[in-house]
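Inspection log for the structure reproduced underneath, given as structure tokens.
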Amino acid sequence: MSEPEAEKPLDFIRTRIQEDQQAGKNDGKVHTRFPPEPNGYLHLGHAKSICLNFGIAQEFGGLCNLRLDDTNPVAEKTEYAEAIQDDLRWLGFDWEDRFFHASDYFDQLHSWAVQLIKAGKAFVCDLSFEEMKAHRGNLIEPGKNSPFRERMVEENLELFEQMRLGEFPDGTKTLRAKIDMSSPNLNLRDPVIYRIIHQEHPKTGDKWKIYPSYDFAHGQSDSLEGITHSLCTLEFEHHRPLYDWLCQNLGIHHPQQIEFARLNLNYTVMSKRKMLRLVEEGRVNGWDDPRMPTLQGMRRRGYTSKSIRDFCEKVGVAKRENVIEVELLEHCLRHDLNLCSPRRLGVLDPLKVTISNYPEDKSETVDAVNNPEDPDAGTRPVPFSKQLYVDRNDFMEDPPKKYFRMSPGREVRLKYAYYVTCTEVVKDEEGNITELICEYDPESRGGGTADGRRVKGTIQWVDASTAQPCEVRLYDRLFNKPDPEKVEDGGDFTDNLNPDSLEIIHHALVEPSVTEISIGQAFQLERVGYFCLDSDKAEDGKKVLNRTVAMRDSWAKINK
RNA sequence: AGCCUGGUGGUGUAAUGGUAGCACAGAGGUUUUUGGUACCUUCAGUCGGGGUUCGAAUCCCUGCCGGGCUGCCA
């Protein structure tokens, strides 16, 4: 890392922030925030926003706040609030003492509403949902003024106070900003800024019967926290004029809202609403199902936070709609895992091997390298004896041309152990292969011989008497279409669910040292993939291994 | 339909009036006690049409295409 930082090209947001900073705007300070609503679990899309906001703060010598946008007590739960903090910490970000809630500002927000009323810029409206909708006009036609738009300030003040006191039922009155019912931007057609909701709030209890809308809370919260750059996704672009209007008309610090395109990943859905459906309909086993793109699911699957951060950096930031290929995510994952995962031996589909010329009562251990990428990781002893198991797909009785694994008469290397040659194939009455009889070369201990003879194939194995049985869960993409939304008329995204996204292997065998691995710890089963120990136990009490991601497999590709 | 916004290889993202680059994916190869990793080579792009300019992905005009907007959700 002594390289002089090659200046990386900046995305449009960083370019703009850099310009602001160099121009001395906000006294050169940069302050961002990550503002999730606590109404669901964080997912990969949020990770992009998190990395952006915290990353930028770090790069520009600024700070990033965590703020829960809890303006709607109907949808929000403390359970989510806690999970959000947990995920954020896991991802590797620290907001120190800057943990806020939009609800911290309810008093201030309320007095700003009063200020607007006094200035004749807000009014209490008695229109029902339907009436308001009818008055709003539509995309091409302007709206009509509410009949309550010209209420006197005193009356508005009194009515708003009664709303606050809970004297009206939900939905009967709203406080609206008085802007322009003919604006081509529907958000400026006298938007509702306070609504009546008789609902306890997780933070403020029963103090409030009225709650500010997103538009009336978000920008002002940013303002109160001294946010300089308020980064959000594209769908808020039309809200920016309102954001600006409020800051101006309230005469408060005015952060700059900048919108960017949200993250999309192919073969998956990235919306809370759709994920909720998957969970509620039992298409997955909860929010932390390892197939889910939630941070909790990915974490359980074995994704490292580093790989996710790396991914978020690599996808970049721009304003155009994008769909990232999952291969990039998997690349980042494997790249990190390759560097840090200890290697172990295991077979998913055990096929018995007996070494005919190996002494009956002998057993020994061979030294296996823990991580070829990290010499400091050292080696470990792995038991070896006459009875072994190899993976069934590492043997072919009648192999194609470029197959270098085991087949009758072909010498292969049992990794870290010996060269063996299959001399006999044992079958049952139905012709299924039940056992391989092999001969080994005692001179090849450790996996090499003095004569330097070339042995192309190397396969993994486990010692029969010491191997640990376990359950292995193999995951595949949740959807079998790159764009799960692409469906026949009348269908929906669940039609594209991949029926084979979870495959359970009940009788896998792994070398004994795997039992020392703790829950969540990543390791590699050589030639098979990266795994981690799940918190679940199998029905029969065995340990459960999640396959995080398979190894890249160029042999499988050749065969396609 | 109106308004807003965007369009660079298969995917994502740079280049902001001066050699279209990087990453992933694909193809080929070298190394290898993981058909892994690493490394090398290679394929492939400025939405169309006009204009301005010595020179345009970049500026102008126009067309086409994508996305967003008609919650008292965020």
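Letters go in sequence order (proteins before strands), and every chain restarts at 1.
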Query raised in the report: For the side chain of Gln524(A), counting heavy atoms from C-beta on, which of rG35(B), rG26(B), rU34(B) is nearest?
Result: rU34(B)
Query raised in the report: Want to settle it: does Tyr416(A) or Asp215(A) sit nearer the 5' end of RNA chain B, counting the closest nucleotide to each?
Result: Tyr416(A)
Query - Pair assignment for rU53(B), Watson-Crick or G-U wobble, requiring both distances under 3.5 Å - result: none
Report task. Return the nearest nucleotide to the side chain of Lys415(A); candidates are rU34(B), rC3(B), rG68(B). Result -> rU34(B)
Requested in this report: Mind checking Phe236(A) for me? I need base, sugar-phosphate or nothing, with any heavy atom below 4.0 Å counting as a touch.
Outcome: base
**Report entry** Syn/anti state for rG71(B) [syn: chi within 90° of 0]
**Finding:** syn
Query raised in the report: Is the distance from OP1 or OP2 of rG71(B) to the nearest side-chain N or O of Arg136(A) less than 4.0 Å?
Result: yes
Requested in this report: Would you kindly give the CG-to-P distance between Asn338(A) and rU37(B), to the nearest whole Å?
Outcome: 7 Å
Query raised in the report: Just how far, in rounded Å, is P of rU34(B) from CG of Leu348(A)?
Result: 20 Å
Report task. Remember a base hit wins even if backbone is also touched, and classify Arg189(A) as base, sugar-phosphate or nothing at under 4.0 Å, heavy atoms. Result -> nothing
Query - Phosphate-side-chain proximity, Lys557(A) and rG26(B), N/O vs OP1/OP2 below 4.0 Å - result: yes
Query raised in the report: Taking atom types as modelled, is there a side-chain donor on Ser182(A) or Asp180(A) under 3.5 Å from an acceptor on the other?
Result: yes
Query - d(CE, Met551(A); C1', rA38(B)) in whole Å - result: 13 Å
Requested in this report: Among the candidates rU5(B), rG2(B), rG36(B), find the nucleotide nearest to the side-chain atoms of Leu139(A).
Outcome: rG2(B)
Query raised in the report: When the C1' atoms of rA44(B) and rA27(B) are considered, how many whole Å apart are they?
Result: 11 Å
Report task. Could you tell me the separation between the CG atom of Asn39(A) and the P atom of rG71(B), rounded to a whole number of Å? Result -> 19 Å
Query raised in the report: For rG66(B), which nucleotide in any strand shown is its Watson-Crick or wobble partner with both distances under 3.5 Å?
Result: rU5(B)
Query raised in the report: Going by atom types alone, do Arg477(A) and Asn266(A) pair a side-chain donor with an acceptor below 3.5 Å?
Result: no
Query raised in the report: C1' atom, rG9(B) versus rA57(B): distance in rounded Å?
Result: 14 Å
Report summary line: For nucleotides 13-24 of chain B, 5' to 3', base contacts (B), sugar-phosphate-only contacts (S) and non-contacts (-) with protein non-hydrogen atoms under 4.0 Å give BS--------SB
Report task. Take the angle between the ring planes of His218(A) and Tyr243(A) and call it parallel below 30°, perpendicular above 60°, tilted in between. Result -> tilted
Report task. Using a heavy-atom cut-off of under 4.0 Å over every strand shown, decide if Leu175(A) touches base, sugar-phosphate, or nothing. Result -> nothing
Query raised in the report: Would you say a side-chain N or O of Arg413(A) is under 4.0 Å from OP1 or OP2 of rG35(B)?
Result: no
Query raised in the report: How would you label the contact of Phe216(A) with the nucleic acid (heavy atoms, under 4.0 Å): base, sugar-phosphate, or nothing?
Result: nothing
Report task. Mind calculating the distance between CG (Asp69(A)) and P (rA74(B)) to the nearest angstrom? Result -> 7 Å
Requested in this report: Determine the contact category for Thr233(A): base if any of its heavy atoms lies under 4.0 Å from a base atom, sugar-phosphate if only primed atoms, P, OP1 or OP2 are that close, otherwise nothing.
Outcome: nothing
**Report entry** Nearest-neighbour nucleotide for the Arg195(A) side chain, rA1(B), rA74(B), rU37(B) considered
**Finding:** rA74(B)
Query raised in the report: The side chain of Leu186(A) lies closest to which of these nucleotides: rG2(B), rU37(B), rG68(B)?
Result: rG2(B)
Query raised in the report: In the strands shown, is rU58(B) matched to any nucleotide by a Watson-Crick or G-U wobble pair with both distances under 3.5 Å, and which?
Result: none
Query raised in the report: To the nearest angstrom, how far is Arg262(A) atom CZ from rG6(B) atom C1'?
Result: 16 Å
Query raised in the report: So what does Val74(A) touch, heavy atoms closer than 4.0 Å: a base, only the sugar-phosphate, or nothing?
Result: nothing
Report task. Please measure how far the P atom in rG51(B) lies from the corresponding atom in rU11(B), and state the result in whole Å. Result -> 30 Å
Report task. Kindly assign one of parallel, tilted or perpendicular to the pair Tyr440(A) and Tyr418(A), based on the angle between their ring planes and the thresholds 30° and 60°. Result -> perpendicular
Requested in this report: Using the C1' atom on both, measure rC22(B) against rG17(B) and round to a whole Å.
Outcome: 23 Å
Requested in this report: For Tyr214(A) and rA74(B), say yes or no: do the ring centres fall under 5.5 Å of each other while the ring planes differ by less than 30°?
Outcome: no
Query raised in the report: Over how many whole Å does the gap from Leu242(A) atom CG to rC3(B) atom P extend?
Result: 21 Å
Report summary line: Of Pro372(A) and Ile196(A), the one whose closest nucleotide on RNA chain B sits nearer the 5' end is Pro372(A)
**Report entry** Phosphate-side-chain proximity, Arg334(A) and rU37(B), N/O vs OP1/OP2 below 4.0 Å
**Finding:** no
Report task. Could you tell me how the ring of Tyr105(A) sits relative to the ring of Phe100(A): parallel (under 30°), tilted (30 to 60°) or perpendicular (over 60°)? Result -> tilted
Query raised in the report: Any stacking of Phe129(A) on rC72(B), going by centres under 5.5 angstrom and planes within less than 30 degrees?
Result: yes
**Report entry** Electrostatic pair Asp336(A)-Arg309(A), nearest N-O below 4.0 angstrom
**Finding:** no
Query - Heavy-atom donor-acceptor pair, His239(A) side-chain to rA74(B) base, under 3.5 Å - result: yes
Requested in this report: Tell me the partner of rG28(B), counting only Watson-Crick (N1-N3 plus N6-O4 or O6-N4) or G-U wobble (N1-O2 and O6-N3) with both under 3.5 Å; none if nothing fits.
Outcome: rC40(B)
Requested in this report: Considering only atom C1', compute the distance from rU42(B) to rA25(B) and round it to an integer number of Å.
Outcome: 14 Å
Query - Mutual orientation of the aromatic rings belonging to Trp555(A) and Phe404(A) [parallel < 30°, tilted 30-60°, perpendicular > 60°] - result: tilted
Query raised in the report: Any salt bridge between Lys203(A) and Asp70(A), counting N to O under 4.0 Å?
Result: no
Requested in this report: Spell out yes or no: do the side chain of Gln460(A) and the base of rG36(B) have one donor N/O and one acceptor N/O closer than 3.5 Å?
Outcome: no
Query raised in the report: What is the pairing partner of rA23(B), taking Watson-Crick or G-U wobble pairs with both distances under 3.5 Å in any strand?
Result: rU11(B)
Requested in this report: Write down the distance between CG (Leu42(A)) and P (rA74(B)), rounded to a whole number of angstrom.
Outcome: 18 Å
Report task. Output the distance between atom CG (Leu242(A)) and atom CZ (Phe216(A)), rounded to the nearest 0.5 Å. Result -> 10.0 Å
Query raised in the report: Roughly how far apart, to the nearest Å, are rU58(B) and rU46(B) at atom P?
Result: 12 Å
Query raised in the report: Hey, does the side chain of Thr71(A) come within less than 4.0 Å of rC73(B)'s phosphate (OP1/OP2), counting only N and O?
Result: no
Query raised in the report: Are the ring of Phe404(A) and the six-membered base ring of rG35(B) within the stacking cut-offs of under 5.5 Å and under 30°?
Result: yes
Query raised in the report: Taking a pair as Watson-Crick or G-U wobble with both distances under 3.5 Å, which nucleotide is matched to rC73(B)?
Result: none
Requested in this report: Working to the nearest 0.5 Å, report the span between CD of Glu511(A) and OH of Tyr416(A).
Outcome: 9.0 Å
Query raised in the report: In whole Å, what separates the C1' atom of rA15(B) from that of rA56(B)?
Result: 13 Å
Requested in this report: Report the relative orientation of the aromatic rings in Tyr194(A) and Phe160(A); use parallel for angles under 30°, tilted for 30 to 60°, perpendicular for over 60°.
Outcome: perpendicular
Requested in this report: Indicate, with a heavy-atom threshold strictly under 4.0 Å, whether Thr174(A) touches base, sugar-phosphate, or nothing.
Outcome: base
Query raised in the report: Any chance the rings of His201(A) and Phe106(A) have centres within less than 6.0 Å?
Result: yes
Requested in this report: Could you work out the separation of rG6(B) and rU41(B) based on their P atoms and round it to a whole Å?
Outcome: 37 Å
